[in-house]
Amino acid sequence: MNCQILNQIKDAFGSLWSCDPLDDKSVRITTPYASLNNKYIDLIVMMQGDEYVVTDGGYVDDAIGLRSSKFIDTILVPYLEEFEIQVLENQKKIYYKKTADLDFVPNCVFEMADFARAMLSASYIDVVASGQDALSDNVEEVEFQRRAKEYLKDSYEDSNYALNFKQKIGLEGRKKKFSAVIATPSEENVIQFLSGGTFYHFKSHITNTMGDFDLLEDYTPLNLKLALYDDRVDIYKDNRDNLHEYLNLLRSRLTHDPVPWSEKDRIKELLPI
Amino acid sequence: MKNTSTKVPNKIKDPHFLARIRALISNEKGCEDCEFSPDRAKHKGRPHDLVDSKPVSHEEEYADELSTTVEVNVVDYSRFTFRLTSDGIPYPFFHYDSAGQAHRNRLQPLGKGDLIKCPHFNTFNEDGYYYAYRTDVIEDQEEHLGTHDFALNHFFIEGNIIPEEGVPSVKLDPKLFTHSSKNPVEGVHFT
């Protein structure tokens with residue numbers, strides 16, 4: 001291996017640069033930098049009098065404009081300060097750098113591209129902004145909720161039970177929401193769907209469910225307290241023993257052992273149609 | 001509606017989920033009312049993009065409720081997006097962008113076909129990877145794709161959506177939309 005390899009790399013990166021004219025004073029430059037969600041960063045370079053302006057044209061604000069103030073303070077502001085990026089309002093926020101010196105236009109492009117990429121990537125990760133929402137935003141969880149819901153609908157739709165999803169039950173002022181409530185006129189049976197995109201989320205769902213059932217301890221209409229967990233998903237398979245420690249803790253709040261998805265028909269035995 | 005951006009995964013790992021998504025796209029679907037009049041703001045308080053959605057019918061192999069959404073930018077109506085969405089899939093899985101940033105197809109060699117400019121389609125390939133592609137129509141008839149109706153028809157054909165009556169169209173209220181120059185910061189003074 002010698003440094004000839006650099007030519008291969010430089011040629012590849014270099015070929016990603018491109019330029020399209022926009023009008024007689026501006027061009028759009030596509031840079032070789034792409035965000036975590038696979039968008040190549042482009043910038044507008046324009047002349048304003050004697051100065052060069054390098055700007056995002058407003059799309060960074062489109063990506064981050066709805067983020068929380070925590071996101072703005074911890075992620076956006078440090079970049080603006082470090083790179084001395086300016087901002088103006090024109091229906092949306094437009095970020096830019098200016099210089100009268102052609103030698104510094106590449107610096108402006110370097111810093112604006114880094115800034116735009118960082119903002120788009122951070123927004124995509126949504127670490128700061130999502131907060132509690134992160135618990136329910138994951139694909140595998142949403143998909144499991146859907147699968148479980150469809151299964152219960154297919155099983156109980158024509159039965160004498162009333163089927164409700166994401167329903168709050170409990171005493172007035174102390175209601176908690178559960179994935180599925182299968183009710184008769186005299187009692188309510190709860191099935192909580194448990195899954196997660198990460199170990200942390202899966203575990204949190206289990207422990208949150210424990211707390212929710214605790215709050216309903218003196219709610220007498222509650223009959224069966226069941227949990228249906230996703231044993232098909234990779235996160236479960238990779239963390240089986242750990243998750244079962246938590247499922248065993250949860251067991252003390254349930255009326256029956258937690259049911260894995262692969263044995264979901266057990267629910268129909270416990271709640272016969 | 002949550003104020004979080006939709007996070008499209010770079011790869012769908014569950015093969016059943018992937019198969020369902022690809023079937024929803026490739027199976028023949030119907031559209032009863034395909035006249036779109038975008039007039040609803042996509043995000044409250046940020047009236048730059050207006051949307052309109054219409055239901056899409058399909059065989060009951062899957063329980064998804066499908067819709068086509070047309071989204072047009074008010075400041076520059078040549079920037080628009082068409083999406084096929086499902087109530088059971090928490091992100092767009094087949095969409096067309098008329099304008100915007102080039103997409104990076106990570107699995108391609110850098111600098112050799114990985115940069116896909118707009119307009120392009122975005123969807124998941126047979127291995128579950130999210131990627132962008134340009135059709136022959138895009139390569140050969142790009143100038144016609146500036147017309148909303150032409151582009152929407154192309155989207156319908158590519159997405160296997162068959163209009164039951166009439167021709168798919170986009171009606172823009174001239175009071176709501178303008179076509180500014182290609183430069184989104186034309187006329188802006190940078191202090």
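Proteins get letters first, then strands, A, B, ... in listed order; numbering begins at 1 in each.
Contacts of A:L120 with chain B are made by side-chain atoms alone, with heavy-atom separations under 4.5 Å and no backbone atom involved. Of the atoms belonging to B:N10, heavy atoms from both backbone and side chain fall under 4.5 Å from chain A. Using a 4.5 Å cut-off between heavy atoms, A:I41 contacts chain B through both its backbone and its side chain. At a 4.5 Å heavy-atom cutoff, A:E51 makes no contact with chain B through either its backbone or its side chain.
With a 4.5 Å cut-off on side-chain heavy atoms, B:V188 and A:L88 count as touching. Here the side chains of A:R232 and B:D14 are in contact, with some heavy-atom distance below 4.5 Å. Between A:Q48 and B:H189, some side-chain heavy-atom pair lies under the 4.5 Å cut-off. In this structure the side chain of A:K92 never reaches within 4.5 angstrom of the side chain of B:P184, judged on heavy atoms. Residues A:Y40 and B:H103 fail the side-chain proximity criterion, which asks for heavy atoms closer than 4.5 Å.
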Q. Under the side chain to side chain contact (heavy atoms under 4.5 Å, CB included) criterion, do B:F190 and A:I94 qualify, and how do the steps go?
A. CA-CA 9 Å; B:F190 293 88; A:I94 317 267; 4.0 Å; yes

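When the heavy atoms of residues 3-19 of chain A are compared with those of chain B, the residues falling under 4.5 Å are A:Q8, A:A12, A:F13, A:S15, A:L16, A:S18, listed by number. Residues of residues 105-131 of chain B placed with any heavy atom under 4.5 Å of a heavy atom in chain A are listed by number as B:R106, B:L110, B:G111, B:K112, B:D114, B:L115, B:K117. Contact annotation for residues 145-152 of chain A against chain B (heavy-atom separation below 4.5 Å, listed by residue number): A:R146, A:E150.
Heavy atoms from other residues, nucleotides or ligands lying under 6.0 Å from CG of B:D136 number 12 at most.
Using a distance-only test at 3.5 Å, with no hydrogens or angles considered, a donor-acceptor pair links the side chain of A:K98 to the main chain of B:T191. In this structure a side-chain-to-backbone donor-acceptor pair under 3.5 Å is missing from A:E143 to B:F17.
The side-chain hydrogen bond (donor to acceptor under 3.5 Å, both in side chains) pairs that include a residue from residues 100-120 of chain A are A:K97-A:E111, where partners are two or more places apart or lie in different chains.
Atoms OG and CZ, from A:S35 and B:R104 in turn, are 9.5 Å apart once rounded to the nearest 0.5 Å.
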